[in-house]
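What follows is a short report on a single structure.
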Amino acid sequence: MHVTHEEHDHGPVLPHSHASAGGAPVPLPVQGNVPGQFALLTAPMVHHQVFTVVRLRSGYDLAEVDTFLAHVETTLSLLWQDNARLRERLSTPPTGVGEETIAAARREARRIVAAAHEDAERLRGEAAAAADALAQAARLAIGERLDVVIADHGRHLHDTLRALLDDIVAPPPGETAAVRAHDDSAEPD
């Protein structure tokens, strides 16, 4: 705002009545988009407001200043009223809509949880069946492998025993069966 603040005596302070020096009300500026609507002040409007300097005495035209202050007051009043209405709307949720939304959300949440439980049970059953099948396959594979190992070990054991028995029954090299039979009969019991 381009106002120079100097010490001036402007006479008696007028009550904030938005009246001109002659007592007639000063009309507020109407600059809105809709006829009869006040344009709300902006920071640049306030910053660039220029008042006419009165001739013959120091100071500004009181009617202009009162008109501008009335516009500021109207703008601030409207803003405060809008803020109060908005705060009121925020503090009290709309009836019915919020409750319906919450109830619908709860129903949907219950449906999702039930579906998740069903899926979990189905997956648990599938996992148990797969684990049983794997265990059965492992038992069969181990049993088959064990049968092969036992058969191989049995054949090896049979072959080893047969060789030992043959060593016991067969005469050492250079002996005949008759000499061996004679030595067996001559030994005391």
Item to check | Set of residues satisfying salt bridge (Lys or Arg N to Asp or Glu O under 4.0 Å) with respect to R155, sequence neighbours excluded | outcome: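 With neighbours one apart ignored, the set is D152.
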Checklist entry - Ignoring hydrogens and geometry, is there a side-chain-to-backbone donor-acceptor pair from Q49 to F68 under 3.5 Å? => result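 Looks like no, no N/O pair under 3.5 Å.
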What distance separates [X] [atom1] from [Y] [atom2], expressed to the nearest 0.5 Å?
| X | Y | atom1 | atom2 | result |
| --- | --- | --- | --- | --- |
| T101 | E108 | OG1 | CD | 13.0 Å |
| I142 | D147 | CD1 | CG | 12.0 Å |
| T52 | L62 | OG1 | CG | 11.5 Å |
| I112 | R107 | CD1 | CZ | 13.0 Å |

Checklist entry - Should R162 and D166 count as side-chain neighbours, where that means a heavy-atom distance under 4.5 Å? => result yes
Checklist outcome for this item: Apart from L161 itself, its cluster of hydrophobic side chains linked below 4.5 Å comprises L157
Checklist outcome for this item: Members sharing I150's hydrophobic cluster, built from side-chain contacts under 4.5 Å between Ile, Leu, Val, Met, Phe, Trp and Tyr, are L146
Item to check | For R139, all residues meeting side-chain hydrogen bond (donor to acceptor under 3.5 Å, both in side chains), sequence neighbours excluded | outcome: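 Listed in chain order: Q136.
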Next on the checklist: Can you list everything that forms a side chain to side chain contact (heavy atoms under 4.5 Å, CB included) with L164? Sequence neighbours excluded, please.
Outcome noted: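 Per chain and number, L164 pairs via side chain to side chain contact (heavy atoms under 4.5 Å, CB included) with T160.
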Item to check | Inter- and intrachain pairs under side chain to side chain donor-acceptor pair (under 3.5 Å), touching residues 112-123, at least two apart | outcome: E121-R124, R122-E126
